[in-house]
Number of protein chains: 2
Amino acid sequence: MAVGGGQAGPGGEGGPPLSRSLVLDAGMRILESEGIDRLTIRGLAGKLGVAATAIYWHVGDKQALLDGLAERVIDQLGDVSVRGRDPVSRVVSIATSLRETLLEGPELVALVHRQGRTAALFQPARRLLVQELTAAGVDGATIALAVPAVLNLVIGTVLLDRQLERQPAQRQTPEELWLDDGLQTPELLRHLSRPVDDRELFDYTLGIVVRAVVEP
Amino acid sequence: MAVGGGQAGPGGEGGPPLSRSLVLDAGMRILESEGIDRLTIRGLAGKLGVAATAIYWHVGDKQALLDGLAERVIDQLGDVSVRGRDPVSRVVSIATSLRETLLEGPELVALVHRQGRTAALFQPARRLLVQELTAAGVDGATIALAVPAVLNLVIGTVLLDRQLERQPAQRQTPEELWLDDGLQTPELLRHLSRPVDDRELFDYTLGIVVRAVVEP
DNA sequence: ACCTGAACACCGTTCAAGT
DNA sequence: ACCTGAACACCGTTCAAGT
């Protein structure tokens with residue numbers, strides 16, 4: 001029943017021998033393409049041409065697998081860029097680039113969140129924010145509050161964004177939501193009915209917070 | 001093998017006949033006490049003294065069960081109170097009371113979020129916020145941005161709070177996190193090392209946003 | 001050291017069958 | 001109308017056994 005090669009590695013495909021790193025690679029691919037619900041030990045093993053128990057040898061049980069994948073996401077998605085000259089626009093650029101990176105892989109962010117590693121994911125951005133606010137002359141007590149405030153903003157909008165994507169369909173039209181209130185003017189109703197642009201909302205709130213911190 | 005009563009209802013316990021409402025009641029109890037991972041159709045049926053397939057008759061499959069439970073949470077956790085005289089403190093009180101209600105059942109909030117019903121959960125608060133900001137003379141375009149900004153703040157801090165609870169232990173002490181940066185003063189390091197109080201952080205950010213909206 | 005196969009204890013779900 | 005039991009196709013995990 002054995003394939004001819006003898007040492008040809010698992011699955012008869014002749015690739016390199018299985019390793020923790022290769023298992024995590026394959027897990028990452030499943031995670032991105034099929035989502036976390038479809039990431040199973042057995043399916044992962046199948047894709048690698050190996051018995052399910054081989055996974056246990058290289059990475060441990062499912063919890064350890066998810067931890068390993070979260071660690072990869074942290075290394076891969078944590079990087080942020082800084083642009084601009086004045087402190088306000090530099091801080092804004094950090095938060096914006098972090099948000100955009102995270103929005104590229106909402107499934108990956110959800111995994112990190114589930115594993116309780118969000119703090120680690122944010123650490124590079126946190127460092128940069130502290131650096132910029134220090135350079136801008138903001139005092140320590142304010143920095144200690146302002147940095148998590150900005151990061152909260154990012155995670156909040158990213159998690160909600162993900163939600164809106166999955167929401168299959170509006171159950172009520174925006175107008176219906178407000179109709180029976182009575183006290184709204186037509187002008188207000190018009191504004192409330194237009195769906196809010198997520199990017200615009202983020203920029204709006206971020207601008208308020210950063211300006212309040214840097215230019216008190 | 002049958003119990004003596006004949007029409008004594010399922011499970012031989014003699015209670016009222018099974019209904020959709022009773023199934024959801026039991027599901028709610030499991031959800032709050034054991035968490036969403038332990039909420040299974042079979043376990044639920046077992047607790048009701050009934051075959052697993054009976055659940056399907058009354059509420060449908062697992063997706064329908066979770067939807068039904070989310071709807072209950074929305075009805076039960078959506079209510080908010082308004083306090084204070086001036087517009088700023090009234091708006092702040094709405095956001096604060098919503099946050100505190102949600103923090104009482106983080107598992108329940110997580111379920112609503114998973115089912116994509118966060119918007120419905122927030123609807124009562126949204127209504128009140130629009131009402132208060134209108135009374136405060138804020139224009140429609142600003143209201144349309146400010147209301148979701150405040151709600152984003154709430155959901156962001158609630159979801160992160162939940163995260164911190166589950167995080168088993170700090171992997172690094174706060175000091176270690178910053179040690180190799182060099183550019184921090186001891187005073188800044190002291191502020192960064194103290195863990196941020198969630199409530200203080202929320203009040204801080206909320207205050208900034210609400211004041212910027214109401215007193216521009 | 002690395003991997004397989006069988007086995008166990010769970011899931012959700014369907015369906016024919018009972019009353 | 002309401003409920004059961006058996007069955008199917010999945011899970012994660014353990015463990016003895018192979019090379």
Side-chain angles (χ1 to χ4, degrees), chain A residues 1-27 30-31 33-70 111 114-115, chain B residues 1-27 30-31 33-70 111 114-115:
Chain A
M1 278 296 176
V3 277
Q7 315 246 89
E13 300 218 4
L18 197 55
S19 67
R20 173 182 160 88
S21 173
L22 281 178
V23 172
L24 291 180
D25 283 347
I30 295 180
L31 195 64
S33 60
E34 316 206 31
I36 192 168
D37 289 335
R38 290 194 136 85
L39 174 63
T40 69
I41 298 251
R42 288 172 121 106
L44 178 57
K47 205 150 244 174
L48 287 164
V50 107
T53 45
I55 306 295
Y56 285 81
W57 176 261
H58 287 285
V59 306
D61 64 10
K62 184 147 194 194
Q63 191 58 40
L65 172 66
L66 295 178
D67 276 336
L69 292 174
L111 169 67
R114 255 179 60 137
Q115 297 303 107
Chain B
M1 280 296 174
V3 278
Q7 315 246 88
E13 300 216 5
L18 198 56
S19 67
R20 172 182 160 87
S21 174
L22 281 179
V23 172
L24 291 180
D25 283 346
I30 296 179
L31 196 62
S33 61
E34 315 207 32
I36 193 168
D37 289 335
R38 290 192 137 86
L39 174 63
T40 69
I41 298 252
R42 289 172 120 108
L44 178 57
K47 205 150 244 174
L48 287 165
V50 107
T53 45
I55 305 295
Y56 285 82
W57 176 260
H58 288 285
V59 307
D61 62 10
K62 183 145 196 195
Q63 191 58 39
L65 172 67
L66 295 178
D67 277 335
L69 291 175
L111 170 67
R114 257 180 57 137
Q115 298 302 108

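Heavy atoms only, all atoms of each residue included: A:R42 and A:A52 are closest at CG-CB, 4.1 Å. Nearest approach of B:A70 to B:Q115, heavy atoms of both residues: CB-CG, 4.0 Å. Taking every heavy atom of both residues into account, B:L22 and B:L48 meet most closely at O-CD2, 4.4 Å. Of all the heavy atoms in A:Y56 and A:I41, the pair that sits closest is CE1-CG2, 3.9 Å. Nearest heavy atoms, A:D37 versus A:T40: O-CG2, 4.4 Å.
With rounding to whole Å, A:Y56 atom OH is found 17 Å from D:dA16 atom P. B:Q63 places its CD atom 18 Å from the P atom of C:dC11, with the value rounded to the nearest Å. Taking atom CH2 on A:W57 and atom C1' on C:dC3, their separation rounds to 9 Å, with Å as the unit. When rounded to the nearest whole Å, the span between NE2 of B:H58 and P of D:dA1 equals 13 Å. B:L22 places its CG atom 13 Å from the P atom of D:dC2, with the value rounded to the nearest Å. Rounded to an integer number of Å, the gap from CG of B:L65 to P of C:dT13 is 10 Å. Taking atom CG on A:L39 and atom P on D:dG12, their separation rounds to 8 Å, with Å as the unit. Atoms CG (A:D61) and C1' (D:dT13) sit 8 Å apart, rounded to a whole Å.
Contact annotation: side chain of A:T53 to base of C:dG5, donor-acceptor pair present below 3.5 Å.
C:dT4 and D:dA16 make up a base pair, with Watson-Crick or G-U wobble contacts both under 3.5 Å. The partner of D:dC11 cannot be assigned: no Watson-Crick or G-U wobble pair with both contacts below 3.5 Å exists in any strand.
For B:R42, taking side-chain heavy atoms from C-beta onward, the closest of the listed nucleotides C:dC3, D:dG12, C:dG12 is C:dG12. Closest to the side chain of A:K62, out of D:dT13, D:dC3, C:dT4, is D:dT13. For A:T40, taking side-chain heavy atoms from C-beta onward, the closest of the listed nucleotides D:dG12, D:dT13, C:dC3 is D:dG12.
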